Amino acid sequence: MSWHQGPLVGFDLETTGTDVETDRIVTAALIRLEPDGAVTEMRTWLLDPGVVIPEQAAAIHGIATDHARRHGARAASAVEEIAHAVAGVLRSGVPLVVMNARYDLSLLDRECARYGLASVEQRIGGVPSPVIDPLVIDKHVDKYRKGKRALQALCEHYGVTLSDAHDAAADAVAAVRVVRRMGERHRPVGTLPPTELHALQVRAAAEQSASLQAYLRRTANPEAVVEQAWPVIPRGR
């Protein structure tokens with residue numbers, strides 16, 4: 001049975017910004033979808049990130065600072081729960097689907113460090129795997145397609161409905177549905193065992209970053225550096 005014909009777990013974060021080193025988790029979702037599309041497990045979190053949520057971020061995901069402070073869980077406790085739950089999925093062998101995993105999993109790693117908690121890597125004894133990233137796969141199988149590749153754009157391209165973009169639960173479900181379509185449409189990727197697909201993405205992500213870096217150095221910034229590590233950026237980079 002191909003990976004896209006089995007259960008998959010979607011993971012998504014909504015945050016205070018786009019910097020994995022300094023920004024914080026505001027909401028998180030971890031959702032298991034069965035082969036027939038049924039949601040059989042769902043966990044969601046709302047955190048008080050302990051900092052002001054910038055208006056620009058709140059406008060995207062709809063969570064303002066006052067709401068997070070009134071209704072959100074203490075960040076350290078919630079991050080512990082999230083890391084524990086993600087590690088549990090990875091230990092089970094069920095693929096973890098994360099749109100732009102380099103960002104979400106790296107930010108979770110930094111949040112664990114911020115609160116003195118064991119990282120997902122420490123909990124499972126290795127790099128998080130198998131991870132399936134719709135962004136990396138789409139760029140690999142359809143390298144020259146023009147246009148945006150954000151989750152909304154991928155949903156439109158692969159015929160997946162996303163009715164509540166930037167809601168962590170909705171995004172997690174949509175990411176799973178998108179990679180299922182990818183697996184069905186792109187047979188070489190769809191037939192790989194999850195561990196081999198993960199290894200392919202490690203290579204593909206590095207190649208994609210190197211290509212972007214070369215482009216930026218030619219056209220905009222001779223000193224541009226684009227991170228190549230995937231799915232987690234090592235600390236101290």
Side-chain angles (χ1 to χ4, degrees), residues 1-14 25 27-45 78 80-105 107-109 119-121 123-138 140-141 151-152 154-155 157-202 204-205 230-232:
M1 181 175 66
S2 299
W3 58 264
H4 58 86
Q5 297 172 315
L8 297 170
V9 175
F11 176 60
D12 188 75
L13 301 177
E14 296 299 325
I25 298 170
T27 63
L30 195 67
I31 302 178
R32 178 180 172 121
L33 278 76
E34 302 303 327
D36 63 359
V39 173
T40 54
E41 296 178 29
M42 175 184 293
R43 294 196 66 183
T44 60
W45 294 264
E80 167 62 31
E81 291 181 6
I82 296 166
H84 177 78
V86 169
V89 172
L90 294 169
R91 278 195 294 266
S92 77
V94 175
L96 183 72
V97 178
V98 192
M99 175 69 184
N100 193 11
R102 179 184 282 141
Y103 175 75
D104 283 38
L105 294 182
L107 181 58
L108 177 58
D109 176 82
S119 68
V120 172
E121 185 170 349
R123 293 167 196 260
I124 65 174
V127 176
S129 176
V131 174
I132 301 177
D133 187 336
L135 180 62
V136 173
I137 294 176
D138 185 63
H140 177 71
V141 299
L151 182 59
Q152 285 178 280
L154 294 186
C155 285
H157 182 70
Y158 287 97
V160 170
T161 299
L162 176 56
S163 58
D164 195 7
H166 300 295
D167 172 86
D171 285 0
V173 170
V176 170
R177 291 176 174 162
V178 164
V179 295
R180 284 202 200 280
R181 294 286 176 85
M182 290 179 175
E184 294 164 358
R185 185 178 299 185
H186 301 288
R187 185 168 177 79
V189 165
T191 57
L192 288 175
T195 53
E196 292 184 22
L197 178 59
H198 182 97
L200 170 66
Q201 291 171 97
V202 171
W230 180 95
V232 180

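From a predicted model like this one, the values you see are computed outputs, not experimental measurements.
- Side chains of Phe11 and Val131 form no contact here, defined as non-hydrogen atoms less than 4.5 Å apart.
- Across all their heavy atoms, Leu90 and Pro128 have their closest contact at CD1-CB, 3.6 Å.
- The shortest non-hydrogen separation linking Val179 to Trp3 is O-CH2, 3.2 Å.
- Contact check for Leu108 versus Val86: side-chain heavy atoms found under the 4.5 Å cut-off.
- Between the side chain of Glu14 and the main chain of Ala28, no donor-acceptor pair closer than 3.5 Å is present.
- For Arg185, the CZ atom counts as densely surrounded, since its 6.0 Å shell holds more than 12 non-hydrogen atoms of other residues, nucleotides or ligands.
- A donor-acceptor contact closer than 3.5 angstrom links the side chains of Trp45 and Glu81.
- Between Arg123 and Glu121 there is no salt bridge, since no side-chain N of the basic residue sits under 4.0 Å from a carboxylate O of the acidic one.
- Side chain of Arg180 to main chain of Gly6: a donor-acceptor pair is present (N/O by atom type, distance under 3.5 Å, no hydrogens or angles).
- Looking at every heavy atom in both residues, Gly190 comes nearest to His4 through O-CD2, 3.5 Å.
- For the pair Glu196 (side chain) and Pro193 (backbone), a donor-acceptor distance under 3.5 Å is absent.
- At a threshold of 4.5 Å between non-hydrogen side-chain atoms, the residues Val120 and Leu105 do not count as touching.
- Using a 4.5 Å cut-off on side-chain heavy atoms (C-beta onward), Met182 and Leu154 make contact.
- Between Pro130 and Leu96, the closest side-chain pair of non-hydrogen atoms is not below 4.5 Å.
- Taking CD1 from Ile31 and OG1 from Thr44, the interatomic distance works out to 7.5 Å, rounded to the nearest 0.5 Å.
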After noting the C-alpha distance and the side-chain angles of Ile137 and Asp133, does the key distance pass the side chain to side chain contact (heavy atoms under 4.5 Å, CB included) rule?
-> CA-CA 6 Å; Ile137 294 176; Asp133 187 336; 5.7 Å; no
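- Side-chain atoms of Asp171 come within 3.5 Å of backbone atoms of His166 as a donor-acceptor pair (strictly under, hydrogens ignored).
- When side chains are defined from C-beta on, Pro231 counts as touching His198, because their heavy atoms get closer than 4.5 Å.
- Rounded to the nearest 0.5 Å, atoms CZ (Arg177) and CG (Leu8) are 12.0 Å apart.
- When every heavy atom of Pro134 is checked against every heavy atom of Val98, the shortest pair comes out as CD-O, 3.6 Å.
- With rounding to the nearest 0.5 angstrom, the CZ atom of Arg91 is 8.0 Å from the CD1 atom of Ile124.
- A distance-only check finds no donor-acceptor pair linking the side chain of Asp164 to the backbone of Asp167 [under 3.5 Å].
- For Asp104 (side chain) and Leu13 (main-chain N/O), a donor-acceptor pair under 3.5 Å exists by modelled atom type.
- Note that CG of Leu30 is 8.0 Å distant from CZ of Arg43, once rounded to the nearest 0.5 Å.
- Contact detail for Leu162 and Ala174: the closest heavy-atom pair is CD1-CB, 3.8 Å.
- Two residues are said to be in side-chain contact when any heavy atoms from C-beta on lie closer than 4.5 Å; Thr161 and Cys155 fail this criterion.
- Within the 4.5 Å cutoff, the side chain of Arg102 has heavy atoms near those of the Asn100 side chain.
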Determine, stepwise, if the pair Glu34 / Arg32 fulfils salt bridge (charged side-chain N to carboxylate O under 4.0 Å, His left out).
-> CA-CA 7 Å; Glu34 302 303 327; Arg32 178 180 172 121; 2.7 Å; yes
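- No side-chain donor-acceptor contact under 3.5 Å links Asp12 to the backbone of Ala29.
- The minimum heavy-atom distance between Pro95 and Ile132, with the atom names listed, is CB-CD1, 3.6 Å.
- Looking at Arg181, its side chain does come within 3.5 Å of a backbone N or O of Gly159 through a donor-acceptor pair.
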